[in-house]
Amino acid sequence: MIASDKTLIRLNGLSKHYGRLTVLDGIDLEVKAGEVLAIIGPSGSGKSTLLRCINYLEPPDGGTITVDDIVIDAGNPIGRAALSGLRRRVGMVFQSFNLFPHMSVLRNISLPQERVLGRSRKEADARSMQLLSRVGLADKAEQFPIRCSGGQQQRIAIARALALDPEVMLFDEPTSALDPELGLEVLAVMRELAKSGMTMIVVTHEMGFAENVSDTVMIMADGNIVEKGPSKEIMRNPQHERTKRFLRAVHDR
């Protein structure tokens, strides 16, 4: 449920090219505080690149990114302070879990807090245990990631991102590497985050999540926004022929 009229994220004319290939073609987008936006569309449509540009893992080639009070112009070099501020405000969860295999689950979550937020080890561990309890994995704190299932590792990755107290969470197909049963564990955590009012942008192939949990659905194809609107409206009564074709293909699989 959208909790605020405040625009937390604003993209103006965001573009990204790889050689002659246009991956993002002047994207304009606003996301309100507390909004859950689901992005769906065919492979290669620019969905993941859009997320990676928002937190500057992929520097865009044009346009501006505004996150709260930070404004980044792709035409100018980004300063270290602006990049650090952006990364603190924007957490990201990837398809792969990206956990440190040689560290315990607890250290995986605590170490970034110590490095980025300057928390003491005691403070970081306390926050980590709170978040592990929240995702149902307090009993895994001293295990190594390899001893955890894929679904558990993804929930640990979510806890690690939340530990930096971000204002918005980006999810890049967080269940695509999991079998359906383990994926449900991760979706349950994401539903809880949505209910708590966390601002979320989710690239997903989970149509049920898009329709029933997100506030807004956005369809992308060929680096453009094809259609965007209230979730149930888009999923049940799409207006654009490209959206209709995509949803038919998903339902017919």
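Keep in mind that what you see is a predicted model, and the values were worked out from it rather than measured. Side chains included, hydrogens not; waters and symmetry mates left out as well; all remaining heavy atoms used.
In this structure Glu241 satisfies the side-chain hydrogen bond (donor to acceptor under 3.5 Å, both in side chains) test together with Arg248, sequence neighbours excluded. Applying the side-chain contact (heavy atoms from CB on, under 4.5 Å) rule to Ile70 yields the partners Ile72, Arg89; only residues at least two apart in sequence or on another chain are considered. In this structure Ala82 satisfies the side-chain contact (heavy atoms from CB on, under 4.5 Å) test together with Ile78, sequence neighbours excluded. Residues forming a side-chain hydrogen bond (donor to acceptor under 3.5 Å, both in side chains) with Glu206 (at least two apart in sequence, or on another chain): Thr175. Legend: residues meeting side-chain hydrogen bond (donor to acceptor under 3.5 Å, both in side chains) with Arg242, ordered by chain and number and at least two apart, are absent. Under the side-chain contact (heavy atoms from CB on, under 4.5 Å) criterion, Asn224 pairs with Asp25, not counting sequence neighbours. For the side-chain hydrogen bond (donor to acceptor under 3.5 Å, both in side chains) test, no residue two or more places apart in sequence or in another chain qualifies with His240. Not counting sequence neighbours, the partners of Pro238 by the side-chain contact (heavy atoms from CB on, under 4.5 Å) test are Glu227, Thr243, Lys244, Leu247. The salt bridge (charged side-chain N to carboxylate O under 4.0 Å, His left out) search around Lys122 returns none, not counting sequence neighbours.
Ion pairing between Arg88 and Glu167 fails under the 4.0 Å rule for side-chain N and carboxylate O. Ion pairing of Asp28 with Lys228 is absent here, as no side-chain N (NZ or NE/NH1/NH2) approaches a carboxylate O to less than 4.0 Å. Remark: Glu211 does not engage Lys232 in a salt bridge, criterion side-chain N to carboxylate O under 4.0 Å.
Within a 6.0 Å sphere centred on CD of Glu233, heavy atoms belonging to other residues, nucleotides or ligands number 12 at most.
The closest side-chain donor-acceptor pair between Thr49 and Lys16, if any, does not fall under 3.5 angstrom.
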Which donor-acceptor pairs under 3.5 Å do side chains of residues 136-150 form with protein atoms, sequence neighbours excluded?
from: Ser149; atom 1: OG; to: Gln152; atom 2: N; distance (Å): 3.2

Any chance you could lay out the side chain to side chain donor-acceptor pair (under 3.5 Å) test for Asp73 and Thr64, step after step, and finish with the verdict? CA-CA 4 Å; Asp73 186 341; Thr64 60; over 6 Å; no
Residue pair Asp172, Ser48: steps toward the side chain to side chain donor-acceptor pair (under 3.5 Å) verdict: CA-CA 6 Å; Asp172 187 8; Ser48 295; 2.7 Å; yes
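Grouped with Leu111 in one hydrophobic cluster are Phe100, Met103, the linkage being side-chain heavy-atom contacts under 4.5 Å among Ile, Leu, Val, Met, Phe, Trp and Tyr residues.
Sequence neighbours left out, the pairs with a member in residues 91-118 that pass salt bridge (charged side-chain N to carboxylate O under 4.0 Å, His left out) are Arg107-Glu114.
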